[in-house]
Asker: 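Shown below is the structure under consideration.
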Amino acid sequence: MFLVGSFLKEGIEELKKEQIKLAPRIIIKDEFYETNVIGGVDQAFFDNKIISAAVVCDRKRMEIREREYVIVEAQLEYVPGLLCFREGPAIIEVFKILKTKPDVLLVEGHGIAHMRKFGLASYVGLMLNQPTIGVAKNLLEGRTIDNAIYINEEKRGYELKTRKGAKAIYISPGYRVSLKSSLGIVKSCFREHRLPEPLYLAHRYANKIKRTM
DNA sequence: GCGACAG
DNA sequence: ATCTTGTCGC
């Protein structure tokens, strides 16, 4: 995947086709054993590099069990709808070095609340065969009715108002997690921040690493 | 054609 | 996402 300059435009069409081809493989059912260990991944950037940080917590107390990070070269610029191809590879690498694999992984970005049902969380889950949930800070596609996200008359996720005064966040299943469980699991991970704790911690960790560079 | 557009 | 100080508020 080396998409730059004149190759970008045609490359984009190929990547969209790839998403349409892989989307049918996304499983939206509860297929995980427990929810005792929850992970979160987030990225920070500098030059053309991506820092992907992962934090694994126990769900009861949200205490850190392990945290790791990797730095990889970005192979694609940010294109709305194709975020999985830009940040996905980095997330896959950091997940691989985790010694404590989480029961469910929270990913910053959407899962199936995506125009082609193939957001970052779904891509990462499929490639790693790992239950994932997408948690985004903004809506990408569709509309919200009664705290639910709809795309083409189909429910794809939820809008969640965390703290009063703070903007809502958007939850959607990524892979091997049902619509209902995606919301329940995320809700059980909040402490005193707008984002669920594993993601809040991963975000802080990624930026901490960035500061040392 | 115009506007929207995860991070 | 990133460039960036102080500032309002819990």
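Below, chains carry the letters A, B, ... as their sequence lines are ordered, and counting in each starts from 1. It should be emphasised that the depicted structure is a prediction, and the values quoted were computed from it without experimental measurement.
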Asker: 5'-most contact on DNA chain C: A:Arg163 or A:His203, nearest heavy atom basis?
Answerer: A:His203
Asker: Using a strict 4.0 Å threshold on nitrogen-to-oxygen distance, state whether A:Glu108 and A:Lys137 make a salt bridge.
Answerer: yes
Asker: Does either side chain, that of A:Thr35 or that of A:Arg59, offer a donor lying less than 3.5 Å from an acceptor on the other one?
Answerer: yes
Asker: Measure CG/A:Leu195 against P/C:dA1 and give the value in whole Å, please.
Answerer: 10 Å
Asker: Examine distances only and state if a side-chain atom of A:Glu66 and a backbone atom of A:Thr100 form a donor-acceptor pair shorter than 3.5 Å.
Answerer: yes
Asker: Is A:Lys164 close enough to C:dC10 that one of its side-chain N or O atoms is under 4.0 Å from OP1 or OP2 there?
Answerer: no
Asker: Quick check on A:Lys49: does its NZ atom have over 12 non-hydrogen neighbours (other residues, nucleotides or ligands) under 6.0 Å away?
Answerer: yes
Asker: Between A:Glu154 and A:Arg156, does any side-chain N to carboxylate O distance fall below 4.0 Å?
Answerer: yes
Asker: Each nucleotide in nucleotides 2-7 of chain B should get exactly one letter: B, S or -. Can you fill that in based on protein heavy atoms under 4.0 Å?
Answerer: ---BBB
